[in-house]
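Written below as structure tokens is the structure these notes are about.
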Amino acid sequence: MANATMVTEFLLLGSPDGWDLSFLYFTVFPMTYLGTLLGNLLIITVTTADQNLHTPMYFFLRNLSILDMCYISVTVPNACVNSLTGNWAISVIGCATQIFLVIFCACVEYLFLTIMAWDRYVAICQPLQYPLIMDAQFCVRMTLASLLSGVLYAGVHTGNTFQLSFCQSNMVHQFFCDVPSLMRLSCSDTTSNMVLLLVSAVVVCGGCFLFIAMSYIRIFSAVLKFPIRAPGKAFSTCIPHILVFSMFLSSGTAVYLRSSVASDTLQDLVLSVFYTMVPPFLNPLIYSLRNKQVKDAVRRVMVRQLFSGER
């Protein structure tokens, strides 16, 4: 290692395998980003302004919307600017910051979605105990615990990644810095990094998935005992949640557990889009904008603003 040339910056390759993906960075990425910001801003505004939505469910939904705006802002604007300017270079500190923020947001998103599934389980299966279990203190504590867990989780993986030596190439075959791409560039032994990724994925991601699956199984079993119209409504709400979470989990797992495979393929970019851009874009549509309470709250807020503007 004494004769190795150490990397001082990385070069992101936004178009792997020689594909010209400029149209993505000029059209699809900006439109997805704008749609995500508008959808989540609408949810934040409505759940804050309307007193009827000051409940645990919408408290976590507001937190999820804030997180989704931060999550997509870590990667997409930078990729669009890089494509526009043609400068894909990123410093080591900038790369480490981006990795930390992506992992932090992804981890906290998993935890928020898990808490929201628990909230629905308690509301449907234990309605009499709901006010006692999901009180304001519990909601704040769970939010802080999720944020702290995200900081620790992201800190461990970011620190473990940048303990490696990068002396082969500085070309990252992605539109943003991620752990698998950097592990492929390392000239150090990455076995311990892979083991840590695998164990943490099983514990955190697998644990969240099992918890959510068990919550919805119990919800479905309880809902089937309700009047005939209730099951359809519950299934139409819960199944999209499960599908988005499964897509989020499977695409992220596929990217992070394929570290030993060459990454300069279009498939890796597509998978990265699915776990960094699609969930923040779809969450407002699935969790809120299809929700009658949110639609009614939007109308009330708009009417209130209209009358206040006339005065």
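Start at 1 with the first residue, then count along the sequence.
Between the side chain of S200 and the main chain of L197, a donor-acceptor pair closer than 3.5 Å is present. With hydrogens and angles disregarded, a donor-acceptor distance shorter than 3.5 Å links the side chain of N40 to the backbone of T36. A side-chain donor-acceptor contact under 3.5 Å links S186 to the backbone of S165. The main-chain N or O of N160 is found under 3.5 Å from a side-chain atom of N193 such that the two form a donor-acceptor pair. A distance-only check finds no donor-acceptor pair linking the side chain of Q174 to the backbone of L12 [under 3.5 Å]. Panel note: side chain D119, backbone I115; no donor-acceptor pair is recorded below 3.5 Å. Between the side chain of T158 and the main chain of G155, no donor-acceptor pair closer than 3.5 Å is present. Under the 3.5 Å distance criterion, the side-chain polar atoms of S83 are left unmatched by any main-chain donor or acceptor of A79. Distance alone, capped at 3.5 Å, is enough to place a donor-acceptor pair between the S91 side chain and the G94 backbone.
When the shell of 6.0 Å around CE of M171 is examined, it contains 12 or fewer heavy atoms from other residues, nucleotides or ligands. Crowding of L132 atom CG: a count of heavy atoms from other residues, nucleotides or ligands under 6.0 Å exceeding 12.
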Audit row: M116, F245, side chain to side chain contact (heavy atoms under 4.5 Å, CB included) steps and yes/no: CA-CA 12 Å; M116 292 171 69; F245 183 83; over 6 Å; no

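Looking only at side-chain heavy atoms (C-beta outward), T143 and F59 come within less than 4.5 Å of each other. I103 has its side chain within reach of I99: a pair of non-hydrogen atoms, C-beta onward, lies under 4.5 Å apart.
The shortest heavy-atom contact between Y130 and M57 is OH-N, 3.9 Å. Across every non-hydrogen atom of L53 and Y58, the tightest pair is O-CB, 3.1 Å. Nearest approach of L164 to D189, heavy atoms of both residues: CD2-O, 4.0 Å. In terms of heavy atoms, Y71 sits closest to P280 at CD2-CG, 3.8 Å. The nearest pair of heavy atoms linking F175 to T75 is CE1-CB, 4.1 Å.
Under a hydrophobic-cluster definition in which Ile, Leu, Val, Met, Phe, Trp and Tyr are linked whenever side-chain heavy atoms come within less than 4.5 Å, directly or via other members, L101 and L111 are assigned to different clusters.
C177 has its SG atom within less than 2.5 Å of the SG atom of C95.
Atom CD1 of I72 is separated from atom CZ of F29 by 9.0 Å, given to the nearest 0.5 angstrom.
Remark: of the listed residues F112, Y110, F281, Y110 is the sole one forming a ring pair (Phe, Tyr, Trp, His ring centres under 6.0 Å) with F248.
Taking the six-membered ring where the residue is Trp, the centroids of Y153 and H157 are separated by under 6.0 Å.
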